[in-house]
*Asks:* 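Before I ask anything, let me first share the structure, which is written out below as C-alpha cells.
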Amino acid sequence: MTQLLIVGPPGAGKGTQASRIAERFGIPTISTGDIFRSNIRDRTELGQQVTAILDAGDYVPDTLTNDLVQDRLEQADAQEGYLLDGYPRTEGQVAFLDGLNERRGRGIDAVVRLVADHDEVIRRLRIRSEEQGRSDDTDGAMRHRLEVYERETEPILAAYAGRGVVVEIDGLGEIDEVTERILSALSERGVVAR
Ligand code: ADP
C-alpha cells in the first residue's frame with residue numbers, strides 16, 4: 001500500500017506527473033480538480049454548486065471537497081493506496097485527511113512537491129488555455145489561482161515538512177526527466193513500486 005500526495009502551483013505539471021507516478025505504483029490518481037470538472041460537464045448537483053467557484057479560481061469549501069474525497073477513498077480501487085493530486089490544499093483538508101488515514105491505519109508515505117518558477121507557470125498556463133480552453137485558464141483566474149495557492153497551500157507544506165515526508169522536485173525540464181527525478185527521489189526514501 002502506497003499513499004502519496006502531489007502538490008505544486010497551477011501549471012507546474014502536477015496532473016501529468018501524477019498519472020505517470022500512479023501508473024508506476026499501480027494506484028489510482030485522485031484529482032479533485034478533475035472530479036469537479038467532470039461534475040460540471042455532467043451537470044450534476046455538485047457541478048452546479050461549484051461552477052462559479054472554479055471559474056473564479058477560488059477554492060471549493062472544505063465540507064464539499066472533504067466529503068468527495070472521503071467517498072472516493074472508500075471505493076475498491078483505493079484500498080491498495082492512492083495518489084492525491086490537488087488535495088489537501090487547506091489546513092482543514094490536512095486535518096480531515098489525517099483522520100481518514102488514521103482509520104485506514106496508514107499515513108502518507110511521501111508528499112511530492114513540484115517546484116516551478118512563477119513566470120514559467122504563467123507561461124505554461126497560457127499555452128494550456130490555448131490548447132485546452134479550460135474556463136479557469138483566463139488571465140485573471142490564472143493569476144488569482146496562483147495567489148490563492150501561494151497564500152493557502154504553500155503553508156500546509158510546512159506541516160508535512162515537519163513530519164519529514166516532503167520530497168522537493170524541480171518541475172522544470174522534459175516531462176520524462178521530471179518523472180525520473182520524482183521516482184528516484186521516492187526510491188531514495190524507500191518508497192518504491194513493487
Ligand atoms: P490547478 O492546480 O491548475 O488550479 P486543479 O485541477 O487542481 O488545477 O484545480 C482546479 C480548481 O478546482 C481549483 O481552482 C479549485 O476551484 C478547485 N479545487 C480543486 N481541488 C481543490 C481542493 N482540494 N480544495 C478546494 N478547491 C479545489
Side-chain angles (χ1 to χ4, degrees), residues 3-22 28-42 44-73 78 82-101 108 111-157 159-160 169 171 175 178:
Q3 303 194 145
L4 302 172
L5 309 182
I6 186 162
V7 184
K14 262 181 304 150
T16 309
Q17 297 300 335
S19 43
R20 294 171 148 233
I21 303 303
T29 312
I30 300 173
S31 158
T32 40
D34 282 350
I35 298 175
F36 289 133
R37 279 186 292 277
S38 80
N39 276 275
I40 291 173
R41 232 175 352 238
D42 298 343
T44 66
E45 197 186 321
L46 174 67
Q48 290 174 9
Q49 282 173 290
V50 303
T51 302
I53 300 174
L54 265 81
D55 281 348
D58 287 320
Y59 282 174
V60 173
D62 281 357
T63 47
L64 281 180
T65 310
N66 287 337
D67 278 355
L68 180 130
V69 170
Q70 174 164 21
D71 286 349
R72 183 62 187 85
L73 290 184
Y82 56 72
L83 192 167
L84 281 167
D85 163 12
Y87 180 94
R89 269 164 137 116
T90 65
E91 281 176 15
Q93 294 176 13
V94 171
F96 188 82
L97 181 62
D98 283 343
L100 292 181
N101 282 335
I108 295 296
V111 179
V112 175
R113 175 185 194 177
L114 268 190
V115 181
D117 166 80
H118 189 92
D119 292 341
E120 172 63 16
V121 151
I122 296 273
R123 196 185 68 82
R124 289 189 190 177
L125 287 171
R126 290 224 171 89
I127 297 173
R128 183 167 83 188
S129 87
E130 281 160 24
E131 286 172 353
Q132 300 179 3
R134 242 174 72 170
S135 61
D136 61 348
D137 278 344
T138 60
D139 243 49
M142 245 158 53
R143 284 181 189 285
H144 185 62
R145 270 162 44 231
L146 258 178
E147 266 169 42
V148 176
Y149 173 79
E150 283 163 6
R151 190 180 65 233
E152 305 273 337
T153 301
E154 298 239 285
I156 71 158
L157 282 161
Y160 286 115
I169 306 293
I175 291 175
V178 177

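These numbers were taken from a predicted model, which means no experiment stands behind them. Counting from 1, the numbers follow the sequence of the chain as shown. All ligand and atom numbering here is 1-based and tracks the order in the structure. Basis for what follows: all heavy atoms, side chains included, without hydrogens, waters or symmetry-related copies.
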*Asks:* I'd like to check which ligand 1 atoms, numbered from 1 as shown, lie under 4.0 Å from a non-hydrogen atom of Thr65.
*Replies:* 22 (C), 23 (N), 24 (N), 25 (C)
*Asks:* Looking at Thr138, is its backbone amide N or carbonyl O close enough to the side chain of Ser129 to form a donor-acceptor pair, meaning the two atoms are under 3.5 Å apart?
*Replies:* no
*Asks:* Are the side chains of Leu68 and Val60 in contact, using a 4.5 Å heavy-atom criterion?
*Replies:* no
*Asks:* His144 near ligand 1, heavy-atom distance under 4.0 Å?
*Replies:*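 For ligand 1, residue contact (heavy atoms, under 4.0 Å) with His144 is absent.
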*Asks:* Side-chain contact test, heavy atoms from C-beta onward, threshold under 4.5 Å: evaluate it for Leu100 versus Leu73 and give yes or no.
*Replies:* yes
*Asks:* Nearest to atom 20 (N) of ligand 1, what protein heavy atom do you find, and at what distance?
*Replies:* Thr32 OG1, 2.7 Å
*Asks:* Look at atom 16 (O) of ligand 1 and say which protein heavy atom is nearest, naming residue and atom and giving the distance to 0.1 Å.
*Replies:* Asp58 O, 2.5 Å
*Asks:* Regarding Thr153 and Tyr59, is there a side-chain donor-to-acceptor distance under 3.5 Å anywhere?
*Replies:*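 Side chains of Thr153 and Tyr59: pair found under 3.5 Å.
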*Asks:* Knowing that exactly one of Val112, Asp85, Val111 qualifies, which makes a side-chain contact (heavy atoms from CB on, under 4.5 Å) with Leu5?
*Replies:*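 That would be Val111; it is the only one of Val112, Asp85, Val111 passing the side-chain contact (heavy atoms from CB on, under 4.5 Å) with Leu5.
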*Asks:* If we only consider heavy atoms of Arg134, is any one of them less than 4.0 Å away from an atom in ligand 1?
*Replies:*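 It does; at least one heavy atom falls under 4.0 Å.
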*Asks:* May I ask you to identify the nearest protein heavy atom to atom 2 (O) of ligand 1, giving residue, atom name and distance to one decimal place in Å?
*Replies:*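 Looking only at protein heavy atoms, the one closest to atom 2 (O) of ligand 1 is Lys14 NZ, 2.8 Å.
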*Asks:* List the steps, then state whether side chain to side chain contact (heavy atoms under 4.5 Å, CB included) holds for Ile21 with Leu4.
*Replies:* CA-CA 10 Å; Ile21 303 303; Leu4 302 172; 4.1 Å; yes
*Asks:* So, is Arg128 polar-close to ligand 1, with some N/O to N/O distance under 3.5 Å?
*Replies:*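 Indeed, backbone or side chain, Arg128 has an N or O that close.
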*Asks:* Looking at atom 27 (C) of ligand 1, what's its closest protein heavy atom, distance included?
*Replies:*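 Nearest neighbour among protein heavy atoms for atom 27 (C) of ligand 1, to 0.1 Å: Phe36 CE1, 3.8 Å.
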*Asks:* Within a reach of under 6.0 Å around CD of Glu91, are more than 12 heavy atoms found that belong to other residues, nucleotides or ligands?
*Replies:*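 Incorrect, the count does not exceed 12.
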*Asks:* Starting from atom 7 (O) of ligand 1, what is the nearest protein heavy atom, named by residue and atom, and what distance separates them?
*Replies:* Arg89 NH1, 3.1 Å
*Asks:* Return the residue, atom name and 0.1 Å-rounded distance of the protein heavy atom closest to atom 24 (N) of ligand 1.
*Replies:*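 Of every protein heavy atom, Gln93 NE2, 2.9 Å lies nearest to atom 24 (N) of ligand 1.
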*Asks:* Judged on heavy-atom distance to atom 10 (C) of ligand 1, which of Arg124, Arg37, Met142 sits nearest?
*Replies:* Arg37
*Asks:* For Arg128, is there an ion pair with Glu131 - N to carboxylate O distance below 4.0 angstrom?
*Replies:* no
*Asks:* Quick test: of every protein heavy atom, which one is nearest to atom 4 (O) of ligand 1, and how far off is it to 0.1 Å?
*Replies:*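 Checking every protein heavy atom, the shortest distance to atom 4 (O) of ligand 1 gives Arg145 NE, 2.9 Å.
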*Asks:* Quick one: does Leu125's side chain get under 4.5 Å of Arg145's, heavy atoms only?
*Replies:* yes
*Asks:* Among protein heavy atoms, which lies nearest atom 26 (N) of ligand 1, and at what distance?
*Replies:*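 I find the closest protein heavy atom is Val60 N, 3.0 Å.
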